[in-house]
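The structure presented is a predicted model; accordingly, all values stated were derived computationally and were not measured. Proteins get letters first, then strands, A, B, ... in listed order; numbering begins at 1 in each.
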2 protein chains.
Amino acid sequence: MSDLLGRLRGRGWRMTSQRRVVAEVLDGDHVHLTADEVHLRAAARLPEISRATVYNTLGELVALGEVLEVSTVGRAKRYDPNARNPHQHLVCSGCGTVRDVHPVGNAIGDLPEEERFGFAVGSVEMTYRGLCPACA
Amino acid sequence: MSDLLGRLRGRGWRMTSQRRVVAEVLDGDHVHLTADEVHLRAAARLPEISRATVYNTLGELVALGEVLEVSTVGRAKRYDPNARNPHQHLVCSGCGTVRDVHPVGNAIGDLPEEERFGFAVGSVEMTYRGLCPACA
DNA sequence: TTCTTGACTTGGACGAAGTCCATCGTAGGA
DNA sequence: TCCTACGATGGACTTCGTCCAAGTCAAGAA
C-alpha cells in the first residue's frame, strides 16, 4: 500500500482530500475493514466525508486492483489493502479476527480435470477457520 | 438430501406443509438457491407460505447441519443441500453458475505452522473461480 | 374421535448494507 | 485567475435479512 497515492496519481486519478483520507485509512497489514468502519475512521480526520464517497472510492480502488473485497466474515463486505501480495485468509470463529496467510502448495492444481466441468479456472480463494489463542 | 424428511422427523421435527415444501425445493446436486429463490419456488406449490417461514426453516436446516450457507456469489446468501458430502465450490465469473467440486490434497496441511498465528485451524472453504464453457 | 397445547406460521414493521441521483464544489489545466 | 469536467454530498431508495405479536395447527392424550 505504501506508495498507493503515487500510483493512483500516475494513473490520472484526481487527488482529493476525501480520496487521500480513504487511502490512508486503508494502510497496513491484516487490515480488513468494512465500508462503515472506513467511513468512521475517515470521518475522524475529515468530518464532512459522506458515506457515498467512501463507497465510491472503495469501489474504484477495487476496480483498479489496489484493494480486494473479502466477504467471508459477517454480512458486510470487508476491504483488504494487501492486494499486491497474493494471500488467503484465516478467520477466528469466535471473535472474527482475520489474518492474511500464505499456504504452500498449488490449490488450483489440486482440482482434477474431471472436476472442472470445462471451466477455465483462474484463481482460488481460501478461508481457513479456527479459534484464535484468545478465544480457545 | 434424499431422506431428509425422514431424518428430520427422527429428530423430533414437527412436520408442517411449509417445512416439507422448503425441504423438497432444496433437493438435488449443484443446487445453490438464495432464500428468495427458495421462497419463489416454495410459493409455486404453497402460495401462502411467508418469507419469514422460509428464513426460519432455512436457519433451522443450517443449524441441524442438513444445509450449508454459501456466501461466495453475489450479495445474498445461498443454501446448499449437499451438506453430507464435503466439497468446495467452482463459480463462473461470467454467469455466476456454481458447481460442487472435490479437490484432492490436504489444504489444511498446506498452511505452515508459522502461518497459523496460534490458531486451532479446523476447516477450510475454497472457491475456485473461472469461466464456464458457455461464457468463455 | 375430539381436545389441548406448545410449537409453527404469518405479515408487517424494522434494521443494516449498499446504490442511485440531482445538485453543488473544486482540482488542475489553459 | 478562470473554467469546466470530474468528484463529493446527502437523502431517497432497494435489497437482504430479522423480529414480534397474534393466529393456526400437528400430534400426543384421553
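Distances shorter than 4.0 Å separate some side-chain N or O of B:Thr16 from OP1 or OP2 on C:dT9. A close approach under 4.0 Å does occur between a side-chain nitrogen or oxygen of B:Thr53 and OP1 or OP2 of C:dT10. Between C:dG18 and A:Tyr55, a contact under 4.0 Å exists linking OP1 or OP2 to a side-chain N or O. OP1 or OP2 of C:dT10 has at least one side-chain nitrogen or oxygen of B:Gln18 nearer than 4.0 Å.
With rounding to whole Å, A:Ile49 atom CD1 is found 17 Å from C:dG25 atom P. The distance between atom CD of B:Glu60 and atom C1' of C:dT9, rounded to the nearest whole Å, is 11 Å. Note: NE2 (B:His39) to P (C:dT9) measures 13 Å, nearest angstrom. The distance from atom CZ of A:Arg75 to atom C1' of C:dC14 is 12 Å, rounded to the nearest whole Å.
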Quick one: do B:His89 and B:His87 satisfy ring pair (Phe, Tyr, Trp, His ring centres under 6.0 Å)? Show the steps, please. CA-CA 7 Å; B:His89 293 112; B:His87 64 278; 4.9 Å; yes
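For C:dT9, its base never sits under 3.5 Å from the side chain of B:Arg51 at any donor and acceptor pair. Between the side chain of A:Arg14 and the base of C:dT26 there is at least one donor-acceptor pair of N/O atoms closer than 3.5 Å.
Nucleotides of DNA chain D lying under 4.0 Å from heavy atoms of chain A occupy a range whose first and last members, 5' to 3', are D:dA5 to D:dG17.
A distance-only check finds a donor-acceptor pair linking the side chain of B:Gln88 to the backbone of B:Met126 [under 3.5 Å]. Panel note: side chain B:Ser93, backbone B:Gly130; a donor-acceptor pair is recorded below 3.5 Å. Side-chain atoms of B:Glu115 never come within 3.5 Å of backbone atoms of B:Pro112 as a donor-acceptor pair (strictly under, hydrogens ignored).
With the nearest nucleotide of DNA chain C identified for both A:Asn56 and A:Thr34, A:Thr34 has the one nearer the 5' end. Positionally, the nearest nucleotide of DNA chain D for A:Ser50 lies more toward the 5' end than for the other of A:Ser50 and B:Ala35. Sequence order on DNA chain D of the closest nucleotides to B:Asp36 and B:Met15 puts B:Asp36 first from the 5' end.
Checking each of A:Asn56, A:Leu68, A:Leu8 against A:Leu61 for a side-chain contact (heavy atoms from CB on, under 4.5 Å) leaves exactly one that passes, namely A:Leu8.
In this structure, A:Ala52 reaches the bases: a heavy-atom distance under 4.0 Å links it to at least one base atom across the strands shown.
A distance of 9.0 Å separates OG1 in B:Thr53 from CZ in B:Arg19, rounded to the nearest 0.5 Å. If you take CG on A:Asp36 and OH on A:Tyr55, they are separated by 6.0 Å, rounding to the nearest 0.5 Å.
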